[in-house]
Number of protein chains: 2
Amino acid sequence: MIARKIFKGLDLSKEEFDLISSNFEQVSYRKGDIILKIGEEVPYQYYVEDGCLRTFFEDKKGKEHTLQFAVKDWWISDYTAFINSRVAIMNIECIQDVILHRMTYEQLESIYREVPKVESFFRRKLERAFASFQNRILSNLADSAQERYLSFLKTYPEVDRNVKNYHIASYLGITTETLSRIRKRLAGE
Amino acid sequence: MIARKIFKGLDLSKEEFDLISSNFEQVSYRKGDIILKIGEEVPYQYYVEDGCLRTFFEDKKGKEHTLQFAVKDWWISDYTAFINSRVAIMNIECIQDVILHRMTYEQLESIYREVPKVESFFRRKLERAFASFQNRILSNLADSAQERYLSFLKTYPEVDRNVKNYHIASYLGITTETLSRIRKRLAGE
DNA sequence: TCATCATTTTATCATAGGTCAATTTTTACT
DNA sequence: AGTAAAAATTGACCTATGATAAAATGATGA
């Protein structure tokens, strides 16, 4: 049962796990599928059972920028749009075939009511996401492209294994050519 | 009573406001004071009644980078350290003379217990802070220094009025010379 | 296995922004 | 008001990264 996997840190009864599970819906998509488009409503947040996805947007010049990746056991959505019932400001793309478990905001709230521990679980998640955004800002301010690439590899080796270099470049805010040069430089050290 | 000002959005009884107020302690500092240093415990978060502050750190080369500003009616702390009982990874500096109201994490939790509405209040604050960090990352990825400066002015005119250009530069991730050139370019348009 | 398409690398040149040093302007203090 | 210190601007030069184009490598599917 997927809820046991998703909330494995929490000490919940069988009934609670059942109740939570009844609020998840399993869905699958193929590599390349866009499961959320800018401007659409954001009905779901997704738990990733398997596969890899990213959120990204296009700037005025048509260049893509990746905000976040999600691999096995992570969550993904246009989070701020999801919780505020706004339309998406980012796309979500499947980088590989994926198996997801999705829930609506109403379902999330109903779980909060029935199983309060879940609310703390998500609050801690939000706090960690906040901290990681903060680190990214600090790293943008203080570090060179090469340093940011190295700390990306160190922090998210699991992501590195699953995405193309041009995805990483668009996450780091550099071109694939620059990333290629950085990799060459690192190789020859 | 300061609690009425701080939680002005919330519909609370006089008793609740009193209880909350009893958990705040008013403190004042002079311009230039560093009220939190990297490596120290982070006992407090601060509500700004008046004045202006910033959180910043120094990189290996000794260059300062500003993560956040706080002006009247904002909160400031090394938030992730505060909630996780870690030591500070940023300094907090008073850019002007300030009047603050501080509380410890224990006091915060005790307020949560007594006045649950306050917990939602802070959760919404965290969500907004999260969204603003996200916007900053997106803007770093997609926008030029000039565009970032313009959107800073638009989003935080109140901050602009209270800080030096070199503070803004260290927030935008550029040098004061570059900011000066951008300002000149904008003036001649 | 070949052929095609996607991805990465390489080379050349262009540019935004950084560095350093000097100067001007603003602010704060006596 | 007058002076010293702080902040902002300017100029000359430098560097990391971007843009463009082409070549090399890797992956995929008939």
Side-chain angles (χ1 to χ4, degrees), chain A residues 30-34 51-52 54 56 58-66 69 93-97 139-153 159-189, chain B residues 30-34 51-52 54 56 58-66 69 93-97 139-153 159-189:
Chain A
R30 306 297 310 279
K31 176 177 172 171
D33 288 354
I34 304 284
C52 179
R54 66 169 182 144
F56 74 97
E58 251 178 52
D59 65 26
K60 314 141 213 152
K61 294 170 198 152
K63 193 170 167 188
E64 286 186 4
H65 301 279
T66 297
F69 296 108
E93 175 192 8
C94 303
I95 291 180
Q96 305 168 333
D97 293 355
S139 164
N140 274 153
L141 289 173
D143 301 336
S144 68
Q146 175 164 323
E147 289 167 322
R148 279 180 282 136
Y149 175 57
L150 287 171
S151 73
F152 171 83
L153 291 182
V159 174
D160 178 51
R161 258 174 260 126
N162 286 290
V163 307
K164 301 290 177 191
N165 283 348
Y166 60 81
H167 289 134
I168 299 177
S170 84
Y171 175 93
L172 295 175
I174 58 180
T175 59
T176 68
E177 292 88 346
T178 294
L179 179 53
S180 179
R181 281 181 210 114
I182 289 171
R183 287 158 55 81
K184 190 182 184 185
R185 205 185 306 149
L186 290 171
E189 268 176 11
Chain B
R30 305 299 309 279
K31 175 175 174 174
D33 288 354
I34 304 283
C52 179
R54 67 170 183 144
F56 74 98
E58 250 178 53
D59 66 25
K60 314 142 213 149
K61 293 170 200 152
K63 195 171 165 186
E64 286 186 5
H65 301 279
T66 298
F69 296 108
E93 176 193 6
C94 303
I95 291 180
Q96 306 168 332
D97 293 354
S139 164
N140 274 153
L141 290 172
D143 301 337
S144 68
Q146 176 165 325
E147 288 166 323
R148 278 179 283 134
Y149 176 57
L150 286 171
S151 71
F152 171 83
L153 290 183
V159 174
D160 178 51
R161 257 173 263 126
N162 285 290
V163 307
K164 301 291 175 189
N165 282 347
Y166 62 81
H167 290 134
I168 299 177
S170 84
Y171 175 93
L172 295 175
I174 60 180
T175 59
T176 65
E177 292 90 340
T178 295
L179 179 54
S180 178
R181 283 180 202 113
I182 289 171
R183 286 158 54 82
K184 189 181 184 185
R185 205 186 305 148
L186 290 170
E189 266 176 10

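All values below were derived from every heavy atom in this structure, side-chain atoms included, with hydrogens, water molecules and symmetry-related copies excluded.
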Nucleotide-resolved protein contact map, nucleotides 18-30 of chain D, B/S/- at heavy-atom distance under 4.0 Å: BBBB---------
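Within the model, atoms CG of D160(A) and CG of N165(A) stand 7.5 Å from one another, a figure rounded to the nearest 0.5 Å. Taken from CD1 in I174(B) to OH in Y149(B), the straight-line distance is 9.0 Å, to the nearest 0.5 Å. If you take CZ on R181(B) and OG1 on T176(B), they are separated by 9.0 Å, rounding to the nearest 0.5 Å. Rounded to the nearest 0.5 Å, atoms CG (D33(A)) and CD (Q96(A)) are 13.0 Å apart. With rounding to the nearest 0.5 angstrom, the CG atom of L153(B) is 8.0 Å from the CG atom of L186(B).
For Y166(A), whose side chain is taken as the heavy atoms from C-beta onward, the closest listed nucleotide among dT8(C), dT17(D), dA7(D) is dT8(C).
Going from atom CZ of R183(B) over to atom P of dG17(C) covers 16 Å, rounded to whole Å. Atom pair E147(A):CD and dA16(D):P shows a separation of 12 Å (rounding to whole Å applied). Computed from coordinates, the I95(A) CD1 to dT7(C) P distance equals 11 Å when rounded to whole Å. Whole-Å rounding puts the I168(A) CD1 to dT9(C) P distance at 11 Å. I182(A) places its CD1 atom 14 Å from the C1' atom of dT8(C), with the value rounded to the nearest Å. Rounding to whole angstrom units, CD of residue Q146(A) and P of dA16(D) are separated by 11 Å. The nearest whole Å value for the distance from the CG atom in L141(A) to the P atom in dG18(C) is 11 Å. Rounded to an integer number of Å, the gap from NE2 of H167(A) to P of dT8(C) is 9 Å.
Looking at heavy atoms from C-beta onward, V163(B) lies out of side-chain contact with Y171(B) at the 4.5 angstrom threshold.
For N165(B) and dA8(D), the shortest distance from a side-chain N or O to OP1 or OP2 is below 4.0 Å.
In the helix from dT1(C)-dA30(D) to dT30(C)-dA1(D), the end axes, each obtained as the rotation axis mapping the C1' atoms of four pairs onto the next four within a five-pair block, lie 50° apart to the nearest 10 degrees.
Ion pairing of D97(B) with K31(B) is absent here, as no side-chain N (NZ or NE/NH1/NH2) approaches a carboxylate O to less than 4.0 Å.
A side-chain contact (heavy atoms from CB on, under 4.5 Å) with L172(A) holds for exactly one of R148(A), Q146(A), H65(A); it is R148(A).
Under the side chain to side chain donor-acceptor pair (under 3.5 Å) criterion, S139(A) pairs with D143(A), not counting sequence neighbours.
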